[in-house]
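Below you'll find the structure, written out as C-alpha cells, and then a few comments.
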Amino acid sequence: MIRCLAMPVAWSVWWYIIWVGQGWSADPRADLVVASELANRTIALDPNNALGLAIVAHLHSYLLHDYDSAANIFCPGARGWPGQCPSYW
C-alpha cells in the first residue's frame, strides 16, 4: 500500500517543477524547499519507482542544477529496468 502513495507525491513534485520552472511561483525558494521535501518522500515511499526516480532526477537537474545528484538518483535504478518505462528515458 505504501508504494502506491509514491505516485501522487511524485506528480506533486512534477507540479512544482512546472510551477517554478515557468516562473509562476511567487516564492521560488520556498517552493523548491517543498519540492525537495516531496522528492525525498517519493524516494522513501518507493525507491524503485521509475517515474518517481525520473521526476526527482529532473528536479535535481532542471531546477537545482545538480547534475551529479540527478545522475546518481536516476541511473543506478534505471539500469535495472531494461525496456520498462521507456518514456522516462
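Residues: numbered from 1 along the sequence shown.
Hydrophobic clustering, with ILVMFWY side chains joined whenever heavy atoms are under 4.5 angstrom apart, keeps Tyr67 apart from Val20.
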- Step-by-step side-chain contact (heavy atoms from CB on, under 4.5 Å) determination, Ile55 to Trp11: CA-CA 8 Å; Ile55 289 175; Trp11 284 115; 4.2 Å; yes

- Message: Ser36 vs Leu64, test: side-chain contact (heavy atoms from CB on, under 4.5 Å). Steps then yes/no.
- Response: CA-CA 9 Å; Ser36 294; Leu64 302 176; 4.1 Å; yes

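Among pairs with a residue in residues 29-50, none fulfils ring pair (Phe, Tyr, Trp, His ring centres under 6.0 Å), at least two apart in sequence or across chains. Among pairs with a residue in residues 33-61, those fulfilling ring pair (Phe, Tyr, Trp, His ring centres under 6.0 Å) read Trp14-His58, His58-Tyr62, at least two apart in sequence or across chains.
In terms of the side chain to side chain contact (heavy atoms under 4.5 Å, CB included) criterion, residue partners of Ser12 (sequence neighbours excluded) are, by chain and number, Leu38. Under the side chain to side chain donor-acceptor pair (under 3.5 Å) criterion, Asn40 pairs with no residue, sequence neighbours left out.
Between the CD1 atom in Ile43 and the CD1 atom in Ile73 there is a gap of 6.0 Å [rounded to 0.5 Å]. Atom-to-atom distance recorded for Asp46:CG and Thr42:OG1 is 9.5 Å, nearest 0.5 angstrom.
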Please set out all donor-acceptor pairs under 3.5 angstrom arising from side-chain atoms of residues 24-33, sequence neighbours excluded.
| unit_1 | atom_1 | unit_2 | atom_2 | d |
| --- | --- | --- | --- | --- |
| Ser25 | OG | Asp27 | N | 3.2 |
| Ser25 | OG | Asp27 | O | 3.3 |
| Ser25 | OG | Asp31 | OD2 | 2.4 |
| Asp27 | OD1 | Ala30 | N | 3.4 |
| Asp31 | OD2 | Trp19 | NE1 | 3.4 |

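Here the side chains of Asp66 and Ser61 are not in contact, with every heavy-atom distance at 4.5 Å or above. Between Ile17 and Leu63, the closest side-chain pair of non-hydrogen atoms falls below 4.5 Å.
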